[in-house]
Amino acid sequence: MMSEKKPHVAVVGGGLVGALNACFLAKRGFKVDVYEKREDIRKAEHVKGRSINLALSTRGRTALRMVGLEDEVIKNGIPMHARMIHGVDGSRQPILYGKKDQFIMSVDRRKLNELLLSAAEKNPSVTCFFEHKLVGCDFKTGEVEFITNEGKRVKNKVDLIVGNDGAFSGVRKELMKATLLDFQQQYIPHSYMELTIPPSPTNEFLMEKNYLHIWPRNEFMMIALPNLDKSFTCTLFMPFKIFSDIKTEEDLMNFFNDKFPDSIPLMGEETLKEIYMSSKPLPMVSIKCSPYHVGDKGLIMGDAAHAMVPFYGQGMNAGFEDCIVLDEILDMYQNDFSKALPAYSKTRTVDAQAICDLAMYNYIEMRKSVNSKLFLLRKKLDNLLFTIFPNSWIPLYTMVAFTRTRYHLCIERRKHQDEILTKVLWSGVFFIVGGCAFSLLKICNQKEISFHDLTDRVVELWESLKPV
Ligand code: FAD
Ligand code: EGO
């Protein structure tokens, strides 16, 4: 059926994943209509909303490579070869991610989205409709309905409706009505606010450029990623409660002096006050659901299917990898949606849920016990083990960020590694204790002390130490 006529797909959402997905689907020879509720960001002056820059890692890069966009994106990105850990005392320590070719990239969200939209539209078979908000769809008939900014209703009928419309997905809402969708949504007590470190007066970076800067402070965390204009975008993560308790400029400066003193001269006291006072902390949500499809006409991908807390820097990367997985499965089933969609749902849910869990686990982990000393220690230990056993000890972060190991296998491998490490540590204890006992006996032997004498002396010593 599919080979006779060009399949017609409606991609709902022209964000990062929607725009990339359009490139993938067009490459398959499909006719693609992208519907985006916002205005065309390429024409917009200011774009409100989420993070200004993002960390792009291997999974995302691989997807971009598959549609021929990797080089273009890399040109506009800044490699981060290591994390730079900032202590409360102002100390900074770098810890490499791995070998030279293992780095993540800081990319501008807006630039990336613009590039992806333009790349999608270069295909004659792709049309983008902006200011079109989904109002409803029917997965039986393939009908989709949108409302434009002028209030006009627009209808279309397609072979496949793909929801790439983000965490608060309208397509997912429709999916819930049409199928038995398991759904879980969790808001965390933390929220985030973006601050900025401007370039120096001589237009230079004020901190080391090629690093992911991290200020680990248990419940308070701050990170900074470099931008092409030589500024850094800082993201401050803390509970809503703490944000709301910081009411005055004085509260703010006390807090920063206490937790992030080294960042004050970098941000500039006045700019910090200005941005903080005029911004609202934003919530973070984790969403898991299953399945991702209904029948042979409905599918959700990206944040619509698996929104996660940003503590692994994987949300976009996972969404981009979704596009690869769908592409491979469509190949496998020769574009037969009735077979491909269930297959996609089945393979992808385990992995998407795994990365949602990993991200949440990191959130708990980093908040519970990770101050800058512990962070350094753990990453150093990870790297040490990796150098000693390069084939059997791969740090979890390395697997997630620098390989395409399926997310659920990253968790499994990590568990396996942990078990081995526990065994190695116990055998270490065993050998050390055994070694001590052996040496003791040997000394006794050399000095011709009988074992009896030795035990007598130990008892004597013990008695003498006892309080009267
Ligand atoms: P979105 O980017 O949300 O795009 C959805 C699009 O659909 C939007 O353009 C929206 O306008 C449109 N839309 C919504 N509803 C409708 C409708 N009814 N009709 C039509 N259009 C609609 N990920 C990383 O990989 N690395 C990082 O470093 C990273 N850092 C992050 C930091 C923060 C603070 C946050 C919050 C997230 C971070 N992420 C990161 C995650 C990343 O932002 C998301 O995973 C990614 O944006 C998901 O892309 P998406 O296209 O699925 O959804
Ligand atoms: C102990 C120490 C346990 C996002 C460290 C776990 C995430 C976690 C938010 C970093 C890097 C890209 C990020 C590392 C860990 C982005 C990231 C990491 C943050 C926060 C982030 C790392 C944007 C977890 N990658 N990462 O190892 O460098 O380690 F700190 Cl708050």
Side-chain angles (χ1 to χ4, degrees), residues 11-21 34-39 41 47 49-57 59-60 80 82-85 95 97 104-107 109 112-113 116 129-136 144 146-147 163-173 190-194 211-216 220-225 233 235-237 282-285 300-322 358-359 361-370 374-379 382 395-398 400-401:
V11 170
V12 183
L16 296 175
V17 178
L20 178 69
N21 213 8
V34 180
Y35 294 95
E36 166 58 48
K37 75 171 175 195
R38 293 173 306 176
E39 63 180 318
I41 48 161
V47 182
R50 281 173 318 170
S51 67
I52 293 152
N53 53 24
L54 302 136
L56 175 71
S57 51
R59 293 169 207 267
M80 300 180 283
R83 349 49 188 162
M84 182 69 84
I85 308 306
I95 303 186
Y97 275 119
I104 51 179
M105 276 260 165
S106 172
V107 295
R109 178 191 290 271
L112 179 60
N113 206 162
L116 287 168
F129 300 92
F130 295 96
E131 300 176 15
H132 277 62
K133 186 180 172 211
L134 179 86
V135 285
V144 276
F146 301 90
I147 187 160
N164 291 150
D165 47 351
F168 304 101
S169 168
V171 178
R172 190 181 63 226
K173 265 184 210 118
H190 274 61
S191 52
Y192 72 94
M193 185 185 280
E194 291 194 318
Y211 296 87
L212 168 56
H213 291 266
I214 307 183
W215 289 257
F220 318 109
M221 295 168 269
M222 191 165 70
I223 60 173
L225 275 72
T233 303
T235 313
L236 173 61
F237 297 95
L282 299 169
M284 286 173 279
V285 70
I300 48 171
M301 297 162 74
D303 275 17
H306 48 68
M308 63 196 76
V309 292
F311 299 97
Y312 234 112
Q314 281 292 312
M316 163 190 63
N317 287 287
F320 281 7
E321 197 178 46
D322 288 350
L358 278 172
Y361 179 73
N362 245 5
Y363 164 62
I364 296 165
E365 192 79 336
M366 291 178 83
R367 169 176 51 122
K368 257 197 188 154
S369 60
V370 180
L374 246 152
F375 193 106
L376 284 164
L377 192 73
R378 290 175 73 160
K379 295 296 168 185
D382 248 355
L396 184 59
Y397 189 81
T398 305
V400 169

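Every number for a ligand or one of its atoms is a count from 1 in the order of the listing.
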At a 4.0 Å threshold, what atoms of ligand 1 neighbour a non-hydrogen atom of [X]?
{"X": "N164", "result": "5 (C), 6 (C), 7 (O)"}
{"X": "V17", "result": "49 (O), 50 (P), 51 (O), 52 (O)"}
{"X": "Y35", "result": "20 (C), 21 (N)"}
{"X": "G302", "result": "52 (O)"}
{"X": "G315", "result": "23 (N), 24 (C), 25 (O), 41 (C), 45 (O)"}
{"X": "L16", "result": "47 (O), 51 (O)"}
{"X": "N317", "result": "24 (C), 25 (O)"}
{"X": "A55", "result": "24 (C), 25 (O), 26 (N), 27 (C), 28 (O)"}

Drop me the distance from E36's CD to E131's CD, to the nearest 0.5 angstrom.
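These two atoms lie 10.0 Å from each other.
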Any nitrogen or oxygen of [X], main chain or side chain, under 3.5 Å from a nitrogen or oxygen of ligand 1?
{"X": "A304", "result": "no"}
{"X": "R109", "result": "yes"}
{"X": "R38", "result": "yes"}
{"X": "M316", "result": "yes"}
{"X": "N53", "result": "no"}
{"X": "G313", "result": "yes"}
{"X": "L134", "result": "yes"}

Using distance alone, determine whether R83 and ligand 2 share an N or O pair under 3.5 Å.
yes
Is ligand 2 under 4.0 Å from a heavy atom in the side chain of [X], in the backbone, in both, or in neither?
{"X": "Y312", "answer": "backbone"}
{"X": "L212", "answer": "side chain"}
{"X": "L54", "answer": "neither"}
{"X": "P310", "answer": "backbone"}

Best match, [options]: closest heavy atom to [atom]:
{"atom": "atom 36 (C) of ligand 1", "options": "Y192, Y312, F130", "value": "Y192"}
{"atom": "atom 8 (C) of ligand 2", "options": "V400, N362, L376, L396", "value": "N362"}
{"atom": "atom 30 (F) of ligand 2", "options": "M221, M366, M84", "value": "M366"}
{"atom": "atom 53 (O) of ligand 1", "options": "G166, G60, P283", "value": "G166"}

Between Y397 and Y312, what is the ring plane arrangement, given parallel below 30°, perpendicular above 60°, and tilted in between?
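If you compare the ring of Y397 with that of Y312, the planes turn out parallel.
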With under 30° as parallel and over 60° as perpendicular, where do the rings of H190 and F311 fit, or are they tilted in between?
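The rings of H190 and F311 stand perpendicular, inter-plane angle above 60°.
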Numbered atoms and elements of ligand 2 in range of F237, under 4.0 angstrom, heavy atoms
31 (Cl)
Quick note on ligand 2: atoms under 4.0 Å from a heavy atom of E365 include exactly 3 (C)
With a 4.0 Å cut-off on heavy atoms, is T235 in contact with ligand 1?
no
I'd like to know if H132 contacts ligand 1, where contact means a heavy-atom distance under 4.0 Å to any ligand atom.
yes
Starting from [atom], find the nearest protein heavy-atom neighbour and note its residue, name and distance.
{"atom": "atom 29 (O) of ligand 2", "value": "K379 NZ, 3.2 Å"}
{"atom": "atom 7 (C) of ligand 2", "value": "F311 O, 3.2 Å"}
{"atom": "atom 11 (C) of ligand 2", "value": "Y397 CE1, 3.3 Å"}
{"atom": "atom 13 (C) of ligand 2", "value": "I223 CD1, 4.2 Å"}

Flag, side chain of N21 to backbone of G319, donor-acceptor distance under 3.5 Å
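No; judged by distance alone, with no hydrogens or angles, the pair does not exist.
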Take F130 and R38 through the test side chain to side chain contact (heavy atoms under 4.5 Å, CB included) and record every step on the way to the result.
CA-CA 6 Å; F130 295 96; R38 293 173 306 176; over 6 Å; no
Got more than 12 heavy atoms from elsewhere within 6.0 Å of OH, Y361?
no
Taking all atoms of both residues into account, what is the closest heavy-atom pair of A304 and D165, and its distance?
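The pair with the smallest heavy-atom distance is CB-OD1, 3.7 Å.
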Using a 4.0 Å heavy-atom threshold (strictly under), name the region of M308 that reaches ligand 1: side chain, backbone, both or neither.
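No part of M308 comes within reach of ligand 1.
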Could you walk me through whether K37 and F146 pass the side chain to side chain contact (heavy atoms under 4.5 Å, CB included) check?
CA-CA 9 Å; K37 75 171 175 195; F146 301 90; over 6 Å; no
